[in-house]
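Everything on this sheet refers to the single structure shown next.
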Amino acid sequence: MTAVPTDRPADRPADPTAAQPTVGSAKSPMVIAERVHKKFGLNEVLKGVDLTIDRGEVVVMIGPSGSGKSTFLRCINHLERVDAGRIWVDGQVVGYEQRGHHLHELSERAIARQRAHIGMVFQHFNLFPHMTVLDNLIEAPRRVFGADREEVTARAEVLLGKVGLRDKIKAYPRHLSGGQQQRVAIARALCLQPSLMLFDEPTSALDPELVGDVLAVMKDLAASGMTMAVVTHEMGFARDVADRVVFFDSGVIVESGPPDQVILDPQHERTRVFLRAVR
């Protein structure tokens with residue numbers, strides 16, 4: 001296992017219990033990010049990001065390309081390893097366990113099981129092309145949790161009905177439109193019964209006429225009470241669905257607040273400049 005330092009100065013030893021929510025507590029936030037740093041070579045992409053996401057909250061992250069928002073999203077489920085800082089999801093440190101003043105990375109198997117509770121939908125659908133829609137949905141629950149095929153198939157059928165694709169259960173991805181593939185990807189993530197859903201620009205690779213169906217599924221999911229973190233440039237979705245909008249720029253959070261404040265009445269000039277460019 002790899003040991004990485006926390007981001008605390010040497011004269012302030014890391015306290016394993018500091019700010020850590022009780023595991024499974026219904027009152028604790030779903031996500032706590034504390035001073036998260038990430039570098040790619042000499043490029044510091046995240047520069048000490050702090051963010052809390054409450055249970056049932058929909059947080060939409062906006063900002064220019066390269067601002068760090070997608071990298072931060074990938075850090076939440078440990079697709080990117082943080083260089084300093086910590087992230088908790090549902091009361092557990094993501095990807096690590098604390099030993100003294102250091103975080104030690106978990107085994108790949110342990111990370112996979114932890115990640116299974118965090119659904120993620122990417123720009124590109126990443127469906128297995130050689131598998132039917134049904135097999136795409138049931139593969140991870142069976143492989144990660146050893147779920148019963150009959151039970152998880154029934155779950156998959158219900159989810160495909162919710163995204164309007166029950167009739168495509170035997171189809172292969174190549175027979176589906178981009179919008180249909182993205183809805184299958186959402187259903188696949190939900191088949192693991194996650195406590196948190198992450199969306200990284202889920203409509204950016206779609207033709208404009210296909211965007212609406214995907215956003216409608218995401219709106220229904222938000223209305224069901226799912227905790228969601230969404231990176232998007234769809235300002236209409238952010239206004240209609242988000243509980244909070246977070247504006248990233250140059251690796252830091254510049255502004256955060258209710259949609260009407262951040263989108264319609266931004267307080268920072270950098271936010272105003274960005275919004276003028278995307279409207």
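- Y172 meets the ring pair (Phe, Tyr, Trp, His ring centres under 6.0 Å) test with no other residue; sequence neighbours excluded.
- Looking at residues two or more places apart in sequence or on another chain, you find a salt bridge (Lys or Arg N to Asp or Glu O under 4.0 Å) between R74 and E80.
- Partners of F199 according to the ring pair (Phe, Tyr, Trp, His ring centres under 6.0 Å) rule, which considers only residues two or more places apart in sequence or in another chain, do not exist here.
- With hydrogens and angles disregarded, a donor-acceptor distance shorter than 3.5 Å links the side chain of S224 to the backbone of L221.
- A donor-acceptor contact shorter than 3.5 Å is absent between the side chain of D243 and the backbone of E57.
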Exercise answer: donor-acceptor pairs, residues 231-239 side-chain atoms, under 3.5 Å, sequence neighbours excluded:
unit_1	atom_1	unit_2	atom_2	d
T232	OG1	E234	N	2.9
H233	ND1	E201	OE2	2.9
H233	NE2	G63	O	3.3
E234	OE2	T203	OG1	3.4

Give the C-alpha distance, both sets of side-chain angles, the deciding distance and a yes or no for side chain to side chain contact (heavy atoms under 4.5 Å, CB included) between V82 and I87.
CA-CA 9 Å; V82 302; I87 299 175; 4.2 Å; yes

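- Looking at R55, its side chain never comes within 3.5 Å of a backbone N or O of M30 through a donor-acceptor pair.
- Checked by atom type and distance alone, the side chain of Q267 never pairs as donor or acceptor with a backbone atom of E255 at under 3.5 Å.
- The stretch residues 133-145 participates, sequence neighbours left out, in these salt bridge (charged side-chain N to carboxylate O under 4.0 Å, His left out) pairs: D135-R149, E139-R143.
- Shown here is E269, whose CD atom has more than 12 heavy atoms of other residues, nucleotides or ligands within 6.0 Å.
- Linking ILVMFWY side-chain heavy atoms closer than 4.5 Å, directly or via other members, places L159 and V163 in a single hydrophobic cluster.
- Listed by chain and number, the residues in a salt bridge (Lys or Arg N to Asp or Glu O under 4.0 Å) with K219 are D240 (sequence neighbours excluded).
- In this view, R113 satisfies the salt bridge (Lys or Arg N to Asp or Glu O under 4.0 Å) rule with no residue, not counting sequence neighbours.
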Exercise answer: donor-acceptor pairs, residues 39-47 side-chain atoms, under 3.5 Å, sequence neighbours excluded:
unit_1	atom_1	unit_2	atom_2	d
E44	OE2	H37	ND1	3.2
K47	NZ	S250	O	3.3

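- Between atom OG1 of residue T132 and atom CD1 of residue I138 there is a gap of 7.5 Å, rounded to the nearest 0.5 Å.
- The CG atom of L51 sits 15.0 Å away from atom CZ of R35, with the distance rounded to the nearest 0.5 Å.
- A salt bridge links E97 and R99; the closest N-O separation between the charged side-chain nitrogens and carboxylate oxygens is under 4.0 Å.
- Under the 4.5 Å side-chain contact rule for hydrophobic residues, V245 and V278 share a cluster.
- Within the model, atoms NZ of K162 and CD of E157 stand 13.5 Å from one another, a figure rounded to the nearest 0.5 Å.
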Decide side chain to side chain contact (heavy atoms under 4.5 Å, CB included) for R86 and V36; before the verdict, give the C-alpha distance in whole Å, the side-chain angles of both, and the deciding distance to 0.1 Å.
CA-CA 6 Å; R86 287 177 289 182; V36 174; over 6 Å; no

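- Side chain of T227 to backbone of G56: a donor-acceptor contact under 3.5 angstrom is found.
- Proximity of a side-chain donor or acceptor of Q114 to a complementary backbone N or O of I111 within less than 3.5 Å is not detected.
- With sequence neighbours excluded, the residues that form a ring pair (Phe, Tyr, Trp, His ring centres under 6.0 Å) with F247 are F274.
- Rounding to the nearest 0.5 Å places CG of D50 at 7.0 Å from CD of E34.
- Side-chain atoms of K170 do not come within 3.5 Å of backbone N or O of L134 as any donor-acceptor pair.
- For the atom pair Q181 CD and R188 CZ, the distance stands at 10.0 Å (nearest 0.5 Å).
- Sequence neighbours left out, the pairs with a member in residues 131-171 that pass ring pair (Phe, Tyr, Trp, His ring centres under 6.0 Å) are H117-F145.
- None of V230, V121, V241 except one satisfies the side-chain contact (heavy atoms from CB on, under 4.5 Å) rule with M218; the exception is V230.
- R276 CZ: more than 12 foreign heavy atoms inside a 6.0 Å radius.
- Partners of D200 by salt bridge (Lys or Arg N to Asp or Glu O under 4.0 Å), not counting sequence neighbours: none found.
- Applying the side chain to side chain contact (heavy atoms under 4.5 Å, CB included) rule to K168 yields the partners L165, A171, L176, Q180; only residues at least two apart in sequence or on another chain are considered.
- Rounding to the nearest 0.5 angstrom, the gap separating the CD atom in Q182 from the CZ atom in F122 is 10.0 Å.
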